[in-house]
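Shown next, in structure tokens, is the structure this report addresses.
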Amino acid sequence: MFFDIALYASFLIFLIGLIYKVSTWFRNEIGIGARGITISTRFSAAVKGILQTILSAKIFILIRVFVVDVLFQMRILKEDFLRWIMHMFIYGGFMLLLLMHALDKIITGPVFADYASTLNPFMFLRDLFGIMVITGLGIAVYRRFILKVPRLSTSSMDYYAIIILTVIMLSGIILEAVKITSYSRYLEMVEEYSDTEDEQELRALESFWVNEYGVVSPNIKELFDKELISEGKELNEMSCAACHSNPKWAFTGYAVSRIIKPCAPGLDSADFSQALLYIHFLACFFGLAYLPFSKMFHIIASPVSLLANAVMEKDESDTANIATRQAMELDACTHCGTCSLRCSVAVAFNKNGNINILPSEKIAFLKSYVSKKEIDAEGLKAIKEGIYFCSNCDRCTVVCPVGINLRDLWFSVREEMLEKGDSLPLVLTPFSYYRGLNRESLDSNRYLKPLDDARDAIAAKCELINKPDKVVPLTPVNKGFKDEITHSVQAGTYSFCFSCENCTTVCPVVENYENPQDALDLLPHQIMRSVGLGLRDLALGSKMLWNCLTCYQCQEHCPQGVKVTDILYELKNQAVKENQIRQKISIRD
Ligand code: HEC
Ligand code: SF4
Ligand code: SF4
Ligand code: SF4
Ligand code: SF4
């Protein structure tokens with residue numbers, strides 16, 4: 001009775017939570033494109049979109065994605081076999097346990113007429129699915145804490161998911177073990193199902209159950225009287241076998257029952273199985289009730305996100321549906337870290353430790369951002385850096401196993417930050433700047449401020465470097481300069497630079513200084529940008545040129561294929577040449 005009430009209560013809370021969470025998909029806004037669309041417009045657009053998709057040829061895409069990516073998780077398999085095994089075990093095992101074991105009253109019982117939880121194949125399968133989940137959890141713990149997959153951070157939600165599943169599984173298995181050994185349970189059953197009162201027969205049945213079925217009896221210990229056991233076997237066939245397969249088939253529970261055998265009488269008299277039952281059920285109920293608010297919600301949101309992304313196009317889909325999808329994608333993220341592993345600017349995280357640079361953490365931030373949690377100034381700065389440190393390379397989107405369109409999310413959030421005047425005073429290039437925004441949905445006036453800021457930052461640099469003791473005196477922007485340094489094919493690649501800062505991030509010289517800007521005048525990415533702007537003297541005059549070790553790290557890491565080191569090399573040559581000319585002029589004079 002208590003459990004029934006608790007089950008209904010937790011199911012009710014689950015439903016309310018589910019409705020609440022799904023409603024946030026229609027309420028939360030990310031970016032300017034989502035603004036001003038009413039909830040009802042978004043809801044009706046979603047219904048319309050779903051109906052249109054189901055009634056069109058796109059239904060086949062949905063079916064394929066459901067089988068390939070949702071059921072068999074092919075996207076994970078492509079990335080990492082161990083992770084795939086882990087996920088298939090946890091997800092597959094848990095779903096099967098849920099359907100066969102937890103919902104046996106609703107599903108397994110009605111479907112199979114002779115169902116009993118103590119009968120094969122159900123008993124064996126329950127343990128098989130259970131061991132799948134436990135193996136999967138073991139791999140999860142191994143990956144996170146022993147293998148230490150790079151850039152895979154563990155949040156409190158990750159801990160919660162691992163802990164709640166572990167509690168459910170372990171309590172279930174120990175419960176099964178305690179029940180197998182329980183003498184009082186055995187007596188209850190005999191009372192109920194055996195027809196005999198005969199001392200000898202009861203003794204025979206008990207010996208059989210002790211020897212073959214794992215009951216721990218205070219009366220009968222090691223007993224090898226074959227005849228008595230075979231007599232017991234017959235009685236068992238008559239009274240018990242209809243509902244009982246050999247508990248050895250419940251292999252995990254049985255194995256544990258052998259381990260706890262010495263304390264079995266104590267556990268039995270203390271009614272420990274009752275306590276375990278409470279733990280097991282309450283953990284299940286709590287897990288169910290809290291599911292919509294936990295990481296486990298992804299078991300609902302991720303498939304929806306995969307399916308939605310499979311049939312939606314940025315330019316063709318309704319903006320209302322894109323807004324809804326983006327809000328939903330935040331719930332779909334499993335915090336698996338694949339995107340961060342592949343992110344083209346994540347080297348910056350390795351250097352400066354700002355976790356917001358990693359896409360998996362940016363998503364986590366976005367979640368609290370859209371739910372309007374307060375963020376302090378320090379946090380906001382770190383987040384801004386994360387949002388702008390992105391080369392729009394799209395790798396995160398390509399590898400995300402739940403098909404989240406991360407690139408579009410970054411576009412949306414960048415615009416929103418931009419509108420708030422929250423851009424970083426990087427040496428932005430118009431190239432990177434425009435590439436990182438949805439231009440269609442932005443008023444061009446909004447673009448200007450950050451670009452002005454960037455220009456001012458450069459101008460301030462010019463003044464700083466424009467000192468008489470420099471090797472090359474500064475002149476204003478030189479339009480011909482760009483042509484000057486394109487002697488080699490490599491040097492021309494400067495025009496591909498979009499100021500992602502990767503070259504600076506990986507430069508060992510930059511790393512060597514506490515305040516590299518002061519010591520080196522310009523950082524590698526800023527030199528590339530100066531060349532792009534034709535600021536010849538700014539580029540030629542910076543100390544960075546002469547500090548460069550020609551280590552080629554920057555060039556190796558440039559996602560745009562800019563030959564950074566070669567360009568620096570050319571600039572050095574250029575600067576030397578200039579200096580010689582100037583010296584000659586001064587000697588002649
Ligand atoms: C009508 C079906 C049925 C019959 C007949 C039956 N049992 Fe059971 N028995 C069960 C079920 C169902 C459970 C599990 C109850 C639970 O999950 O708490 C169980 C549990 C037990 C347990 C505890 C171990 C466990 O796996 O949960 C013992 C011991 C046991 N039965 C012994 C017997 C004996 C001995 C007989 C024959 C005299 C017998 N049972 C006859 C259905 C039956
Ligand atoms: S965005 Fe995708 S790849 Fe990145 S952590 Fe989330 S689920 Fe994993
Ligand atoms: S698009 Fe940005 S966040 Fe995504 S992988 Fe590329 S650099 Fe990283
Ligand atoms: S040169 Fe390459 S690595 Fe450096 S800022 Fe430009 S694009 Fe990025
Ligand atoms: S080649 Fe020069 S600029 Fe590039 S990483 Fe090495 S030291 Fe830094």
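Hydrogens, waters and symmetry mates play no part in the numbers below; they use all other heavy atoms, side chains included.
Here the side chains of Asn502 and Pro559 are in contact, with some heavy-atom distance below 4.5 Å. Annotation: side chain of Arg126 is in contact with side chain of Glu176 (closest heavy-atom distance under 4.5 Å). For the pair Leu137/Val133, a side-chain contact is recorded, criterion being any heavy-atom separation below 4.5 Å from C-beta on. Counting only heavy atoms from C-beta outward, the side chains of His244 and Met123 never approach each other to under 4.5 Å. Side-chain contact between Leu409 and Ile404 is present, with at least one heavy-atom pair separated by less than 4.5 Å. At least one side-chain heavy atom of Ile355 sits under 4.5 Å from a side-chain heavy atom of Phe349. Contact annotation: the side chain of Ile59 never approaches that of Leu55 to less than 4.5 Å [non-hydrogen atoms, C-beta and beyond]. Residues Pro247 and Lys179 are not in side-chain contact: their nearest non-hydrogen atoms beyond the backbone lie 4.5 Å or more apart.
Checking Tyr115 against Asp104 by side-chain atom types alone, a donor-acceptor pair falls below 3.5 Å. With no hydrogens or angles considered, no side-chain donor-acceptor pair links Glu361 and Ser340 at under 3.5 Å. A donor-acceptor contact closer than 3.5 angstrom links the side chains of Thr397 and Asp394. Checking Asp158 against Ser155 by side-chain atom types alone, a donor-acceptor pair falls below 3.5 Å. Side-chain contact check for Arg83 and Thr338: at least one donor-acceptor pair (N or O, by modelled atom type) lies under 3.5 Å. Side chains of Thr38 and Thr41: a donor-acceptor N/O pair is present below 3.5 angstrom, by distance only. Between the side chains of Asp408 and Asn405, at least one donor N or O lies within less than 3.5 Å of an accepting N or O. Checking Arg395 against Ser344 by side-chain atom types alone, no donor-acceptor pair falls below 3.5 Å.
Side-chain atoms of Ser10 never come within 3.5 Å of backbone atoms of Leu288 as a donor-acceptor pair (strictly under, hydrogens ignored). Judged by distance alone, the side chain of His298 and the main-chain N or O of Lys295 form a donor-acceptor pair under 3.5 Å. For the pair Ser245 (side chain) and Asn120 (backbone), a donor-acceptor distance under 3.5 Å is present. Here the side chain of Asn309 pairs a donor or acceptor atom with the backbone of Ser305 at under 3.5 angstrom. Between the Gln73 side chain and the Val70 main chain, a donor and an acceptor come within less than 3.5 Å of each other. The backbone N or O of Cys497 sits nowhere less than 3.5 Å from a side-chain atom of Gln560 that would complete a donor-acceptor pair. Within the 3.5 Å criterion, the main-chain N or O of Lys21 finds a donor-acceptor partner in the side chain of Thr24. Looking at Arg151, its side chain never comes within 3.5 Å of a backbone N or O of Leu358 through a donor-acceptor pair. Arg185 places no side-chain N or O within 3.5 Å of a backbone atom of Val178 that could act as its donor or acceptor partner.
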Give the C-alpha distance, both sets of side-chain angles, the deciding distance and a yes or no for side-chain contact (heavy atoms from CB on, under 4.5 Å) between Thr135 and Met86. CA-CA 7 Å; Thr135 312; Met86 172 197 90; over 6 Å; no
Apply side-chain contact (heavy atoms from CB on, under 4.5 Å) to Ile131 and Phe251, showing your working. CA-CA 9 Å; Ile131 203 76; Phe251 55 97; 4.0 Å; yes
Go through Phe89 and Phe94 one step at a time and tell me if the ring-ring contact (aromatic ring centres under 6.0 Å, His included) criterion holds. CA-CA 8 Å; Phe89 274 13; Phe94 199 81; over 10 Å; no
Determine, stepwise, if the pair Ser412 / Gln326 fulfils side-chain contact (heavy atoms from CB on, under 4.5 Å). CA-CA 9 Å; Ser412 299; Gln326 292 203 326; 3.1 Å; yes
Before you tell me yes or no, could you show the steps for Ile363 and His335 under side-chain contact (heavy atoms from CB on, under 4.5 Å), namely the whole-Å CA-CA distance, both residues' side-chain angles and the distance that decides it to 0.1 Å? CA-CA 8 Å; Ile363 281 258; His335 201 235; over 6 Å; no
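Counting non-hydrogen atoms of other residues, nucleotides and ligands closer than 6.0 Å to CZ of Phe60 gives a total of 12 or fewer. A 6.0 Å sphere centred on CZ of Phe3 holds more than 12 heavy atoms belonging to other residues, nucleotides or ligands. With a 6.0 Å radius and a threshold of 12 heavy atoms from other residues, nucleotides or ligands, Arg342 has its CZ atom at or below the threshold. Dense packing is recorded around CH2 of Trp25, with more than 12 heavy atoms of other residues, nucleotides or ligands lying under 6.0 Å away. No more than 12 heavy atoms of other residues, nucleotides or ligands shown are found within 6.0 angstrom of CZ on Phe72.
Note that OG1 of Thr334 is 13.0 Å distant from OH of Tyr91, once rounded to the nearest 0.5 Å. The distance from atom SG of Cys336 to atom CG of Asp80, rounded to the nearest 0.5 Å, is 10.0 Å. Note that CD1 of Ile163 and CD1 of Ile168 are 12.5 Å apart. Values are rounded to the nearest 0.5 Å. In this structure, CG in Leu99 is found 7.5 Å from CE in Met95, a value given to the nearest 0.5 Å. In this structure, the separation between CZ on Phe293 and CG on Asp331 is 10.5 Å, given to the nearest 0.5 Å. To the nearest 0.5 angstrom, Cys284 atom SG is 9.0 Å from Leu98 atom CG.
Ring geometry, Tyr290 versus Tyr160: the interplanar angle exceeds 60°, so the pair is classed perpendicular (tilted spans 30 to 60°). Ring geometry for Phe2 versus Tyr278: interplanar angle of 30 to 60°, hence tilted. Aromatic ring orientation, His280 versus His101: tilted (interplanar angle from 30° to 60°). Relative orientation of the Phe281 and Phe285 rings is perpendicular, given thresholds of 30° and 60° on the angle between their planes.
Taking the ring centroids of Tyr20 and Phe26, they lie at or beyond the 6.0 Å cut-off.
Residues Gly253 and Asp127 come closest through the heavy atom pair N-OD2, 3.1 Å. Nearest heavy atoms, Leu18 versus Phe297: CD1-CE1, 3.6 Å. In this structure, Ile37 and Arg42 approach most closely via the heavy-atom pair CG2-CG, 3.7 Å. Residue Ile134 comes nearest to Ile173 through the heavy atom pair CD1-CD1, 3.2 Å, listed as atom of the first residue, atom of the second, then distance. For Met100 against Thr108, the heavy-atom pair with the smallest separation is O-OG1, 2.6 Å. Contact record, Ala242 with Leu119: O-CD2, 3.4 Å, taken as the closest heavy-atom pair.
Geometric assessment of Arg258 against the ring of Tyr254 yields a positive cation-pi assignment under the 6.0 Å and 45° thresholds.
A salt bridge links Arg325 to Glu329: at least one charged side-chain nitrogen sits closer than 4.0 Å to a carboxylate oxygen.
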